[in-house]
Amino acid sequence: MSETNPAAAEAAPHRYTAALAAEIEARWQDFWDAEGTYAAPNPKGDLAGDPEVVARPKKFIMDMFPYPSGAGLHVGHPLGYIATDVYARFQRMTGHNVLHTLGFDAFGLPAEQYAVQTGTHPRVSTEANIKNMQVQLRRLGLGHDKRRSFATIDPDYYKWTQWIFLQIFNSWYDQDAQKARPISELVAQFESGERPVPGGRSWSELSSVERADLLSEYRLAYASDAPVNWCPGLGTVLANEEVTADGRSERGNFPVFKAKLRQWNMRITAYADRLLDDLDALDWPEAIKLQQRNWIGRSEGARVDFPIDGEKITVFTTRPDTLFGATYMVLAPEHPLVEKFTPDAWPEGTHEVWTGGHATPAEAVAAYRAQAASKSDVERQAEAKDKTGVFTGAYATNPVNGQRVPVFIADYVLMGYGTGAIMAVPGHDTRDFAFARAFELPIVCVVEPTDGRGTDPATWDDAFVSHDAKIVNSSGEHVSLDGLNVTEAKARITEWLEREGHGEGTVNFRLRDWLFSRQRYWGEPFPIVYDEDGVAHALPESMLPLELPEVDDYSPRTFDPDDADTQPETPLSRNEDWVNVTLDLGDGPKKYRRETNTMPNWAGSCWYELRYLDPHNSEKLVDPEIERYWMGPREGMPHGGVDLYVGGAEHAVLHLLYARFWSKVLYDLGHISSAEPFHKLFNQGMIQAYVYRDSRGIAVPAAEVEERDGGYWYQGERVTRLLGKMGKSLKNAVTPDEICAEYGADTLRLYEMAMGPLDVSRPWDTRAVVGQFRLLQRLWRNIVDEATGEVTVVDTDDVDEDTLRALHKAIDGVRGDLESMRFNTAIAKVTELNNHLTKRGGPLPRSVAEPLVLLVAPLAPHIAEELWRKLGHTDSVVHQDFPVADPAYVVDETVTCVVQIKGKVKARLEVSPGISEDELEKTALADERVVAALDGAGIRKVIVRAPKLVNIVPA
RNA sequence: GCCGGGUUGGUGGAAUGGCAUACACGGAUGUCUCAAACACAUCUGCCCGAGAGGGCUUGCGGGUUCGAGUCCCGCACCCGGCACCA
């Protein structure tokens with residue numbers, strides 16, 4: 001609590017109060033800014049500095065940068081920033097050149113929506129939010145190199161985002177070399193004939209449109225028609241989670257249609273294998289690696305062609321070994337071949353449940369498609385248990401045994417995965433089994449069950465799914481798999497399929513290309529123009545940055561909510577002067593139309609680590625020497641990258657995968673030396689907060705809830721307590737500003753670090769913050785006289801053993817804890833030492849006070865800086881060496897040895913740490929409590945772990 | 001459903017297979033004070049017992065081990081993520 005009693009303030013005018021903390025903190029924050037205390041020198045360029053510091057080992061310590069929201073920060077936001085700051089400070093004190101800074105991820109939807117509502121330009125509101133956040137963050141004493149900060153909306157920054165887009169646009173993936181290469185090298189291959197042009201003509205015979213279309217097949221950034229959730233009523237495309245279960249928009253409740261839209265894509269799938277393989281060398285949490293592996297979703301299998309009417313349907317299967325058990329096929333409802341094979345009438349004897357009650361196949365297919373299209377993806381998935389579908393009237397042929405198999409459409413098959421078609425093996429696939437039962441389709445057993453259920457599928461309740469069993473009933477004229485195990489059968493059948501031209505072994509990925517355009521205003525404009533033939537051209541580097549133009553209205557044009565045949569009209573497209581331009585792209589002035597989509601929010605965060613290194617470089621994205629210095633490969637980090645990247649686990653796949661992808665392209669093209677952006681990743685937990693709800697379930701202001709009689713009360717009414725997220729809507733937000741005002745930033749920092757291990761979520765408890773405040777007060781009082789403000793430390797060599805041991809044990813423990821980011825236990829060890837010193841009383845020897853202050857410095861930098869100055873030093877505590885423990889004092893003079901009998905503690909002995917096992921055993925067996933407890937019983941065995949433990953096992 | 005993580009006092013949490021409950025919050029008592037606050041000191045897992053002391057205890061049930069919060073198997077519950085992935 002802040003000091004309010006005048007009498008007490010008079011008695012202790014120099015007590016460490018909130019007011020004094022505020023004064024100290026403001027003073028040192030000003031000092032650090034003025035001195036450039038946290039400036040990290042580059043080896044060259046405008047940020048070059050002290051060669052001695054540059055020569056040290058480097059540490060690049062980074063946070064996931066924030067989006068500057070209008071709501072400002074609550075105490076949950078800075079958790080990671082404080083952690084990286086403590087770690088960075090520790091690294092500075094252990095001889096490293098530390099790069100630590102923070103920028104802003106400032107393009108995004110909230111600012112645009114605010115602009116639509118208020119007419120305020122997104123730049124205006126965003127920059128105001130950034131300013132506000134900078135004030136809040138500065139108050140925490142974060143040691144950022146502010147020269148390196150930027151926002152992704154700065155034209156100097158997004159110039160390079162656009163430049164990278166052009167690098168990607170102007171590249172293709174060479175499958176032989178397994179790397180990206182400039183598109184000009186592909187053109188040269190086509191020109192020389194080294195690579196044949198599809199269709200048999202020569203490159204010079206192709207029109208410009210044909211050339212552009214061909215290159216588009218190769219470019220790493222390409223435009224294509226992609227299915228999207230189009231909402232005419234809002235005039236925008238929606239993400240899946242913005243669409244309700246019944247296919248309407250969450251906002252406004254308008255209908256949403258699946259529409260094809262010309263969109264930019266990034267060919268991230270070309271990198272699937274490398275993104276997967278390179279994970280192995282990264283120091284990331286296994287859980288996150290696993291999520292990325294699952295997201296990429298590599299599966300080995302085979303493509304199999306099923307002949308139909310002289311053509312074929314190609315399926316992907318991971319179980320080609322079960323081909324003899326394929327009794328029907330299913331296509332995704334959107335599959336383009338469906339119309340082609342749908343006959344005019346139902347074949348003779350078509351089963352009634354197959355037709356869905358429709359008179360013709362065309363009618364049935366149309367009805368099912370309409371029904372599927374009206375449902376959202378979420379709903380299609382929600383109804384997964386009840387298998388729906390309809391017969392197309394067509395039959396294909398199973399290549400392995402020549403059997404006719406009916407072709408269905410069903411929405412459990414997805415157009416976006418594999419080939420959009422499956423062979424159904426109901427005997428050995430759970431979903432196929434359910435579908436077959438619903439539609440009375442034949443089920444065949446081709447994998448011998450190992451669970452005793454027998455080989456008659458009619459008696460089964462579910463499919464038999466196993467990868468470790470014998471193949472049966474799989475013998476045909478041409479090939480037999482009987483008796484082989486699953487793995488052998490896969491190899492045998494794949495070989496057969498390839499030999500006979502019915503298919504091939506293949507690898508399929510779940511990963512899809514990255515949809516890269518948005519119909520928004522507040523994003524990076526594409527540096528792309530279209531000529532009169534509609535061919536896309538890259539702007540030359542000299543025309544970058546392509547700045548966002550002013551527009552009258554930020555809202556997209558809306559349409560009749562029910563009119564599916566509309567197209568989005570982007571805000572940028574309305575600025576005709578900007579859109580229609582005459583440019584000279586090297587072949588004289590010509591008319592062009594600009595691309596009017598903008599890049600997604602991810603773009604700016606895909607490469608920002610690189611710009612921190614060399615933020616003002618106007619010639620290059622980053623100077624190669626500087627990049628190699630901070631991020632190049634090193635011992636233990638073969639792909640290079642940031643030394644530590646801290647952020648929330650919610651970015652496990654998208655952001656981290658996209659950033660890895662961009663790194664690899666830039667690496668392939670020779671722009672950077674690091675093939676991975678983030679060598680070590682750490683996911684901090686969430687700070688949760690209690691949510692109090694009244695009897696109607698409405699959240700009540702958490703700050704006004706009282707606890708008494710074992711319950712929680714708000715305005716006399718009993719309320720219930722649950723753990724939830726912190727935020728405005730749940731009325732439980734606590735801001736760093738209020739904690740700083742009541743206790744100071746050092747207390748807030750300590751509390752956030754002391755709450756628990758950094759990687760787990762834990763609830764905020766404002767009442768408990770005072771504990772860390774008391775720690776700082778006691779620390780202060782151990783060094784400063786509260787009445788006079790004078791330092792009480794004495795210069796003496798005469799320090800008691802207990803204190804030396806307490807000090808060096810603390811140094812040893814805190815060092816290890818900070819290195820491995822166990823900040824909570826580091827603080828506990830500092831507390832223990834400080835409590836020892838409080839209890840000890842008397843003036844502190846300088847040789848104890850100084851290391852104590854240095855131990856605290858990474859955690860509570862302001863008070864440490866103040867005490868360091870009071871102790872007579874004129875240089876900043878930030879660049880002092882972290883104390884090193886004297887091993888002689890880390891071990892105790894005597895240790896407590898526990899004597900157990902059958903694992904139960906029966907006696908404790910004080911012994912020397914160096915005691916031998918024999919002597920310890922003798923001492924233990926001679927102890928009277930042990931003798932009494934053994935009560936004459938013989939001894940079977942004695943386990944001795946000197947000097948801590950003896951365990952006696954009686955006969 | 002699948003994948004990942006978790007479950008330790010009134011609360012947040014600590015514990016290389018070796019004294020379970022460090023450190024902090026909260027609580028109790030005392031010293032100081034006219035009184036209170038602050039500070040300092042002592043106590044504070046649960047049960048039995050006046051006490052000495054004894055028994056029990058890391059979600060539940062098994063197992064491995066001289067010894068398990070920690071390793072293995074099964075179950076329950078909680079939190080994330082993914083989801084008809086062929």
Side-chain angles (χ1 to χ4, degrees), chain A residues 1 3-5 7-9 11-12 15 17 285-291 293-295 297 299 301 315-319 322 330 378 380-385 387 410-414 416-425 429-432 434-435 508-510 649-650 652-653 683 685-686 688 707 710 723 750-751 754-757 759-772 774-775 777-778 781 786 822 824-832 834-835 838-839 841 895-905 908 940-945 948-954:
Chain A
M1 268 310 134
E3 196 60 70
T4 51
N5 187 313
R15 171 163 296 181
T17 58
E286 275 309 315
I288 301 290
K289 286 192 188 181
L290 196 64
Q291 278 188 63
R293 289 195 184 103
N294 291 342
W295 189 264
S299 47
V315 304
F316 173 73
T317 176
T318 57
R319 296 296 303 272
T322 61
V330 186
V378 173
R380 270 169 74 161
Q381 288 151 15
E383 292 179 353
K385 317 123 214 157
K387 292 280 176 285
D411 60 8
Y412 82 92
V413 173
L414 309 174
Y417 186 78
T419 62
I422 63 156
M423 64 177 213
V425 184
D429 180 280
T430 318
R431 293 148 304 165
D432 295 344
F435 190 87
N508 192 54
F509 291 95
R510 182 186 172 277
E650 67 273 19
V653 276
N683 293 118
M686 232 196 329
Q688 300 168 304
E707 184 179 357
L723 215 48
L750 278 181
Y751 177 66
M755 287 169 81
D759 56 351
V760 302
S761 296
R762 78 286 331 239
W764 179 265
D765 182 7
T766 297
R767 286 184 318 174
V769 177
V770 71
Q772 301 306 324
R774 287 181 195 146
L775 166 63
Q777 279 192 327
R778 279 195 285 264
R781 209 161 28 230
E786 289 188 337
R822 295 189 304 255
N824 54 331
T825 51
I827 291 170
K829 282 161 191 160
V830 168
T831 309
E832 254 172 309
N834 197 52
N835 287 350
T838 300
K839 195 168 285 183
V895 294
T896 307
C897 174
V898 291
V899 185
Q900 300 174 333
I901 292 175
K902 283 181 76 181
K904 297 265 182 217
V905 179
R908 293 189 169 84
R940 185 149 68 95
K941 197 174 179 184
V942 180
I943 290 110
V944 184
R945 291 283 177 275
K948 301 273 288 269
L949 176 124
V950 176
N951 190 13
I952 300 161
V953 188

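Values in this document were obtained by computation on a predicted structure and should not be read as measured data. Note that these values count all heavy atoms, side chains included, but never hydrogens, waters or copies made by symmetry. Below, read A as the first sequence line, B as the second, and so on, with proteins coming before strands; counting in each chain starts at 1.
Of the nucleotides present, A28(B) is the one that pairs with U42(B) by Watson-Crick or G-U wobble criteria, both distances under 3.5 Å. For G12(B), the paired nucleotide is C23(B), the pair qualifying as Watson-Crick or G-U wobble because both relevant distances are below 3.5 Å. When Watson-Crick and G-U wobble pairs are counted only if both distances are under 3.5 Å, C66(B) pairs with G18(B). The partner of C60(B) is G74(B), by the rule that a Watson-Crick or G-U pair needs both atom distances under 3.5 Å. Using N1 to N3 plus N6-O4 or O6-N4 for Watson-Crick, or N1-O2 and O6-N3 for G-U wobble, each under 3.5 Å, A37(B) pairs with nothing. Applying the Watson-Crick and G-U wobble criteria (two distances, each under 3.5 Å), C82(B) pairs with G1(B).
Looking at residues two or more places apart in sequence or on another chain, you find no salt bridge (charged side-chain N to carboxylate O under 4.0 Å, His left out) involving R762(A). Legend: residues meeting side-chain hydrogen bond (donor to acceptor under 3.5 Å, both in side chains) with N508(A), ordered by chain and number and at least two apart, are Y417(A). Not counting sequence neighbours, the partners of T825(A) by the side-chain hydrogen bond (donor to acceptor under 3.5 Å, both in side chains) test are D817(A). In this structure, F316(A) has no ring-ring contact (aromatic ring centres under 6.0 Å, His included) partners at least two apart in sequence or on a different chain. Residues that satisfy the salt bridge (charged side-chain N to carboxylate O under 4.0 Å, His left out) test with K289(A), not counting sequence neighbours, are E286(A). Residues that satisfy the salt bridge (charged side-chain N to carboxylate O under 4.0 Å, His left out) test with R940(A), not counting sequence neighbours, are absent from this structure. Looking at residues two or more places apart in sequence or on another chain, you find a salt bridge (charged side-chain N to carboxylate O under 4.0 Å, His left out) between D429(A) and R431(A). F509(A) meets the ring-ring contact (aromatic ring centres under 6.0 Å, His included) test with no other residue; sequence neighbours excluded.
Here, A20(B) and G67(B) have their C1' atoms 14 Å apart, quoted to the whole Å. Distance noted for atom P between C43(B) and U21(B): 14 Å (whole Å). Rounded to whole Å, the P atom of U64(B) lies 49 Å from the corresponding atom of A41(B). Atom name P, nucleotides G74(B) and C85(B): the rounded distance is 24 Å, in whole Å. Only the C1' atoms considered, G12(B) is 26 Å distant from G81(B), to the nearest whole Å. Taking atom C1' on both C23(B) and A15(B), the two are 12 Å apart, rounded to the nearest angstrom. Taking the P atom of each, G5(B) and C71(B) are spaced 11 Å apart, rounded to whole Å.
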For nucleotides 22-25 of chain B, which of its nitrogen or oxygen atoms have a protein nitrogen or oxygen under 3.5 Å away, and what is each distance?
| from | atom 1 | to | atom 2 | distance (Å) |
| --- | --- | --- | --- | --- |
| A22(B) | O2' | E832(A) | OE2 | 3.3 |
| A24(B) | OP1 | N835(A) | ND2 | 2.8 |
| C25(B) | OP1 | R774(A) | NH1 | 2.6 |

Close N or O pairs between protein and nucleotides 18-21 of chain B (under 3.5 Å):
| from | atom 1 | to | atom 2 | distance (Å) |
| --- | --- | --- | --- | --- |
| G18(B) | O6 | R945(A) | NE | 3.3 |
| G18(B) | O6 | R945(A) | NH2 | 3.4 |
| G18(B) | N2 | Q900(A) | OE1 | 3.4 |
| G18(B) | N2 | N951(A) | ND2 | 3.2 |
| C19(B) | O2 | R908(A) | NE | 3.0 |
| C19(B) | O2 | R908(A) | NH2 | 3.3 |

Pairwise N/O distances under 3.5 Å, protein to nucleotides 77-82 of chain B:
| from | atom 1 | to | atom 2 | distance (Å) |
| --- | --- | --- | --- | --- |
| G81(B) | O2' | Q291(A) | OE1 | 3.1 |
| C82(B) | O3' | R510(A) | NH2 | 3.4 |

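K941(A) has its NZ atom 9 Å from the P atom of G67(B), to the nearest Å. At whole-Å resolution of the value, OH in Y417(A) and P in C85(B) are 9 Å apart. Counting to the nearest Å, the P atom of C66(B) and the CZ atom of R940(A) are 8 Å from each other.
Closest to the S299(A) side chain, of the nucleotides G13(B), G4(B), A86(B), is A86(B). Comparing atom distances between the R15(A) side chain and each of C84(B), G12(B), C38(B) picks out C38(B) as nearest.
Below 30°, between 30° and 60°, or above 60°: for Y751(A) and W764(A) the angle between ring planes is above 60°, a perpendicular geometry.
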Going 5' to 3' along nucleotides 42-47 of chain B, which nucleotides have protein heavy atoms under 4.0 Å from the base (write B), which only from the sugar-phosphate (write S), and which from neither (write -)? S-----

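Residue contacts for T430(A): at a heavy-atom cut-off of 4.0 Å it reaches no nucleic acid atom on any strand shown.
Across the interface with RNA chain B, nearest-nucleotide mapping of F316(A) and V953(A) shows V953(A) to be the residue nearer the 5′ end.
Note on R431(A): a side-chain N or O is less than 4.0 Å away from OP1 or OP2 of C85(B).
From Q900(A), atom CD reaches atom CD1 of I943(A) across 9.0 Å, with rounding to the nearest 0.5 Å.
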